[in-house]
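Quick notes on the structure that follows.
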Amino acid sequence: MNVMNGKVTSYQDEAVCTLQIYPRFAIKPGQDCILRVPKEATATTVIKTAVATLGMDTSKPYILVEVQEYGGEEWVLQASDQPVQRVLLWPRKAQDKHPQSDGYFFALQEGSYDGSIQYDVMTSVRQEKVAQGLANRGFVTQQPQEYNDLCNLPELTEESILGTLRHRFHKQKIYTFASNILIVVNPFKFLPIYNPRYVKMYENHTLGKLEPHVFAIADAAFHTMLNKQVNQCIVISGESGSGKTQSTNFLIHCLTAFTQKGYTSGVERTILGAGPVLEAFGNAKTAYNNNSSRFGKFIQVNYLESGVVRGAVVEKYLLEKCRLVSRGKTERNYHVFYYLLIGASEEEKDEFKLLRPEEYHYLKEDQAEMKHEFRRLHQAMEMVGFLPPTKKQIFSVLSAILYLGNVTYEPKVVGEGLKVGPDRVLSAISDLLKVKVELLVEALTTRKAMTANDTLILPYSLSEAITARDSMAKSLYSALFDWIVLRINHALLNKRDLEESVPCLSIGVLDIFGFEDFKTNSFEQFCINYANEQLQYYCNQRIFKLEQEEYMADGIIWHNIDYPDNIGCISLFSKKPTGLFYLLDEESNFPQATDSTLLEKFKQQHQDNPFFVQTPVREPAFVIRHFAGKVKYQIKDFREKNTDHMRPDIVALLRSSECSYLRQLIGANPVAVFRWGILRATIRTLAVFNEAGQSWAEKHPGNIYAILFISFLNISDLGLGSIRELHAKVLQSLKQFGGEVPQKLHLSTISNLIDSHSLKFIMGLTQHNRATRSLLHLHTKKKPPSISAQFQASLSKLLETLRKAEPFFVRCIRSNGDKREMHFDDALVLQQLRYTGMLQTVRIRRSGYGAKFTFKEFTDQFRVLLPKEISTPQQDITNLLTKMGLPSSSFQIGRTKVFLKESERQILQEALHKEVMRSIIILQRWFRSCLMRKQYLREREGIITIQVLFRSWRYLRETYRSRAAIVIQTAWRRSKEKAEYLKKRENLKAQIGSHSYSPRVKNSATFPGPRRNPTIKISRATRVQEKWNASLDREITDSNELHHLDEFLGNQMNDLSTRSKVLSETEKIFFLATTQFRDTIKSMYSISNPNIGYKDLMSGYQKRVASLAGLKKASEVPLVVNLFQSVLDGFIRGELKRLETEPCKVKERNRRKSKRDKCPDGPLGHLFSTYQVTIMQSCDQCSSYIWGMEKAFMCSSCKMVCHKKCLSKITVNCTGHCDRKKEGEQTLHFGVPICALVRTADSVPFVMEKMLVHVEMNGLYTEGIYRKSGSACRAKELHHILEKDPQAVSLDNYPIHTITGLVKLWLRELPDPLMTYSLYNDFLYAADLPEASEQLRAIYRKLDELPPSNFSTLERLIFHLVKVAKEEAHNRMSANALAILFAPCILRCPDSSDPLLSMKDINKTTLCVEILINEQTRCYNQKMEEIQQLENAEAMAINQLKLRRQNTNKFVLMLRIISKYLYCTVQNLFCLWFRNELAFRLPEFEQDSSDAENMDSESLVSSESLLEDHFVSLNSEGQY
């Protein structure tokens, strides 16, 4: 409506307004109707006018709907409503002209006769769009614009940063970017944004293109590592309770998802299982966090240069042992204790002597539900590789630790010392640790002291005894935790790392304890906060100092940005010789020193240090000013915790245990413990064998084993070699004596045991300093390093590792201090933003340059955009950037580098992509023009040649005609002259006299007709040919007929072979050709609805015979073909008689037994498979939680995750696949998704099957069958006919190369290739695996994830290529040549991929297809051999049956005949059934499902404990 300032414009009457109405009908969709109506016009009037204008049926009812799409509103106007009045309520812009795109318009739709309204389903409107529309209309207040990157804020202040984070947090958007730094605000609530479909969403996307997410950082780190070939690290920092552990879990989950391209190998499985195990043993509930990490860990995942996981290493730092014996009121002990006590079964509780949590002094009563957590812990430990016996030993140690807390002391009534009890507690500890009660009581109540001449045993005081008890518990738990980490690292170890050195890349994820400030801070918080100071310093160095130094060094214009520097606080801790750590070590070495003297030394040395704040004199505490604020530390127990080593008495007690596992825990050197265990177990094993052998020899003289045990198992003559050598020698000796090896001697675990080599390798990679395990012997003076010294050394190595890698930073922020869900505390968040320097970080990221290239790197990457000849790189690069219109402030050219903003780098990358695509198109045009030019010249030359020949032929024809005419004319004239001459002569003779002499004329009546030639005799072969041709039109439409034909040919060949022992050349060729023909018949068993003509079979057989005979024996071809014709004619006559006599039976389709049939079809196109959840996720159907280690179902295409019970409730179609074709729906056959061409999931499209069968029948012996191309005109003609009516087309009328070209065209025109776009990268990763067996397993695992229709079609195609490759000697098409031709057709890269990178992937795609062809060829040959063996067995059984019938007296041996007959019949039927079964499974993809992990779970068994278990069993056996 055109209105200005309340007045209608001059060209329009004031009483008339303009309305735009859009009909909602199938006809003319989107067409609008413009009406000029009065202001007072009602809806009824407008509807009648619109219906008349649009020319619609006036007999139907219609309604007028007012649509406000931005508001998500629709109103149906009543008959008396005035549409113009409604327009006046719209926004100003929509009043003048209201097109549908603006969101405000009128819609005309059909109503119902009963008065009801049929609404069309409108597209969903985003809530943000609705709110924006309401704000524009003035109904709600204007919200500030949302920014997902803080660098894009128009005004950069603390308030704007805080407001943006708050605004996003309340929308449940907890992630925000600051350039490439991710800020995470902990919501204290699980959000459903971590399912596998989110991993797929963020995979291979530029950082910043999608909404901020932790998965985006993982993807950026992974692809940066691959592109730059540089190690990466992800540093996660923040306070305790800010969500660092959870972010680490999400990162590891995403990284393993990226690398599981082939199959879930042992490394990925162990990494996913290691997280829950380490959390259970190393995390606890604190005042600020329900799942606080009480240790630090650095997970380094190693990759090959291609991106395939090679191995991983987990390194731990400073476990908080004091939490085991004491903690705050609102805190808990480690999770694993509660998991064990609450989740254990009744049998486990009895076995481990478990009590209720409130009955343990070390625990507090907790009502949390943790039964499921214990089950998840069991599953995680199995993923890592802990066997059930090992888990029982671990839980026994945990139970013993809890019982230690219940040990009580009281003074003895008589004498000095303490009485320890209760007895049931001591008995339980003794049983669990396998130690003697007397030794346990002695270790808990007394200590040994060395003098010059003697050893004194001194009793503990009450406080000393409690300290010794707690020290034993802490030492045991610390040793157990170190052992678990060691075993996890051994499970993550790649065996090949011990044998070869391969260049690897890595991504490290650092999850270290956050900054802590509790009410009571002790030595642990002292070390933790020092680590956070070092981490903050590292972040400042990478973000500020090194960045600005690089700018200044390269000479670009830059103004330095000040940032908070904490180097002074770090010096306070670690500067020699007055640092707090060094002063602590000094005081710890003085026997007479106390915590008070230590505090005095701190105050004396640092009273003037601004970072050290003194407290009142009598308060046993000191304050340090950290980067995050002031923290007060209580000096109590600093010295004791710094030297908290395992006491010698406790070491001696545990070493006396009968449990070998416990002795491993306390060993200072795992390699030495392992070697001693091997030696000890070997000696015991030999002793048992010797005793058992002697006992056996006495009871069984002359027996082979007696001789073996006496002669071999003699300890005095046996050298103590390795266990493997001993095992090999035992087996060799048994074989020499001619005996069978007992099953018990097949020790499968021998090859998988831990060895000293792997342990040394692990110890060299990690920082497992086990000096704290044992206090050095009393007679030595050297002491082990203190806890603080070890912590500083491990922290230094960590920082060194981080400095060698390119970092990504994740800043975690605690939203509130009360652990409330979705509550944003402005003051707390602002405090964290300030001390982390977030304002300065955003400022430097905003004004700095995120992309830096050396001149060589820039020219190498963007050479396509630069001139051909680069003389001065600086000038050429500057010209390029200026030419592209980039602002001068967005880039700078330094002395050696080019500095760009990240947004400009992305613009350059997009320009590069467009230029490359343009160049590719130009190359394609030139290549096509060259091909067309070449074809034109070839056709032109052919046309000229044809013209020359035609003209020559025409000239010769005219010449010959002229000559012939002259000859004819001459002859005719001659005959005419002769006739006239004879006539004149006769007349002359008549005139001379009528009675003159006349010659004798022969009477022609004797021969009343022309003479007849003798009849040519028709050979038998010719008659057969004529009779066979009469049945050529018959077609095979039932697979049973193929079975009958195969059996008939087999019987004929057997009869012919039995009649003649010496075969002629013709019979040899016949046998070989018929055998190959039968193989072809067997390969057709799997065709569900065959449509094969006997003419095609005969044509294929004739070509096969011709290829086998060759030129030298070409004369034998007609004889062999005639012989086969006679055999085939006999079968056809018999088959026709059989069909006439037998009643019509219902055809039963032999279902192909495939592994995919075991999985039920998913609803609505989904392809679900079982999926083990490693991090908590949400069900996409019911939105409830799926807890870690639970089983769920995941669609391999769209990555939907749901419970099993929710499968039947799914209503959303799979976004990765199309819907199947509806009944009666007309569709094309080229360029259509496969799922729309098939009616069942396991069928093959008709056109594809038809072409493949024809090629197999007629083209396998054609040279270059798929390499050469057919005529383009014939191909277009056949393409058109196949699109129109594929049933009626006859492929015999077209050349074979035309059909093979259409096969490739059909595959190329698929919207989604056979090996789908979604799995393209997965197949590439599979091709990059180092071992051929791993490649094969990985490819077959990914094939199972294909949609069913794609899988069946690919299976059929690969089987076809196998048949082509088997005839390589004739068609010159090897598996490699076929892979080169078909890889671009069935394994194409997505259109969005970088064309330069996709060109490098050609070798990988070709390798994938070649591996499939070769493997299926191997399976095909193997199955054919098995079929041949079955046929031979069947023939042998039949022959034996015939012989027994002929040679056996039926009256005497009737029973034997019946039994032999039944046996042979059953054998024959079994051979027939199994042979048909194998033939049906010829095309199937079959692969061994066993997954050889990097390190078997059995490798985690201790050698000593394993052999000791054998020792017990052998000892018991030797007594018999």
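For clarity, every value in this text was computed on a predicted model and none was experimentally measured.
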Heavy-atom closest pair, residues Phe808 and Asn180: CD2-O, 4.2 Å
Distance-minimising heavy-atom pair for Ile236 and Val509: CD1-CG1, 4.0 Å
Lys636 atom NZ, over 12 foreign heavy atoms within 6.0 Å: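 Not more than 12 within 6.0 Å, no.
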Exceeds 12 heavy-atom contacts within 6.0 angstrom, atom NZ of Lys603: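 Yes, because the 6.0 Å sphere around NZ of Lys603 holds more than 12 heavy atoms from other groups.
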Looking only at the side chains, is there a donor atom on one of [X] and [Y] sitting less than 3.5 Å from an acceptor on the other?
| X | Y | value |
| --- | --- | --- |
| Glu533 | Asn566 | yes |
| Ser160 | Thr157 | yes |
| Asp585 | Asn589 | no |
| Thr176 | Asp149 | no |
| Asn291 | Glu279 | yes |
| Asn186 | Ser242 | no |
| Ser815 | Asp825 | no |
| Thr643 | Ser786 | no |
| Ser240 | Asn289 | no |
| Gln525 | Tyr633 | no |
| Asp565 | Asn540 | no |

Side-chain heavy-atom pair [X], [Y] within 4.5 angstrom cut-off:
| X | Y | answer |
| --- | --- | --- |
| Tyr460 | Thr467 | no |
| Asn231 | Glu806 | no |
| His606 | Leu580 | yes |
| Ile567 | Tyr537 | yes |
| Val214 | Val184 | no |
| Leu318 | Ile787 | yes |
| Phe188 | Asn816 | yes |
| Phe809 | Leu182 | no |

Salt bridge Glu239-Lys244, side-chain N to carboxylate O under 4.0 Å: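 Salt bridge flag = no for Lys244 with Glu239.
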Pair Asp511 + Lys297, salt bridge at N-O below 4.0 Å: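 Salt bridge: yes.
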[X] [atom1] to [Y] [atom2] distance, which is reported to the nearest 0.5 Å:
| X | Y | atom1 | atom2 | result |
| --- | --- | --- | --- | --- |
| Lys474 | Arg323 | NZ | CZ | 13.0 Å |
| Ile183 | Ile181 | CD1 | CD1 | 7.5 Å |
| Thr615 | Leu599 | OG1 | CG | 6.0 Å |
| Ile507 | Gln232 | CD1 | CD | 6.5 Å |
| Ser506 | Lys804 | OG | NZ | 10.5 Å |
| Gln246 | Leu251 | CD | CG | 11.0 Å |

Phe899 and Tyr551: CA distance, side-chain angles, deciding distance, ring pair (Phe, Tyr, Trp, His ring centres under 6.0 Å) verdict: CA-CA 9 Å; Phe899 297 88; Tyr551 295 158; 5.5 Å; yes
Phe581 and Tyr530 aromatic ring geometry - parallel, tilted or perpendicular at 30°/60° bounds: perpendicular
Ring geometry between Phe824 and Phe169 (parallel below 30°, tilted from 30 to 60°, perpendicular above 60°):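 Tilted, since the angle between the ring planes falls between 30° and 60°.
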Option among Tyr477, Phe281, Phe295 that satisfies the ring-ring contact (aromatic ring centres under 6.0 Å, His included) test with Tyr334: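 Exactly one candidate clears the test, Tyr477.
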Test side chain to side chain donor-acceptor pair (under 3.5 Å) applied to Ser237 and Gln536, step by step: CA-CA 8 Å; Ser237 59; Gln536 178 68 15; 5.7 Å; no
Glu550 vs Lys852, side chain to side chain contact (heavy atoms under 4.5 Å, CB included): CA-CA, chis, key distance, verdict: CA-CA 10 Å; Glu550 185 178 9; Lys852 297 179 281 293; 3.3 Å; yes
With Glu524, the salt bridge (charged side-chain N to carboxylate O under 4.0 Å, His left out) member among Arg327, Arg294, Lys641, Lys321: Lys641
Phe526 vs Phe573, ring pair (Phe, Tyr, Trp, His ring centres under 6.0 Å): CA-CA, chis, key distance, verdict: CA-CA 10 Å; Phe526 185 74; Phe573 277 87; 4.8 Å; yes
Test log, rule salt bridge (charged side-chain N to carboxylate O under 4.0 Å, His left out), inputs Asp482 and Lys316: CA-CA 8 Å; Asp482 285 346; Lys316 66 97 179 175; 2.9 Å; yes
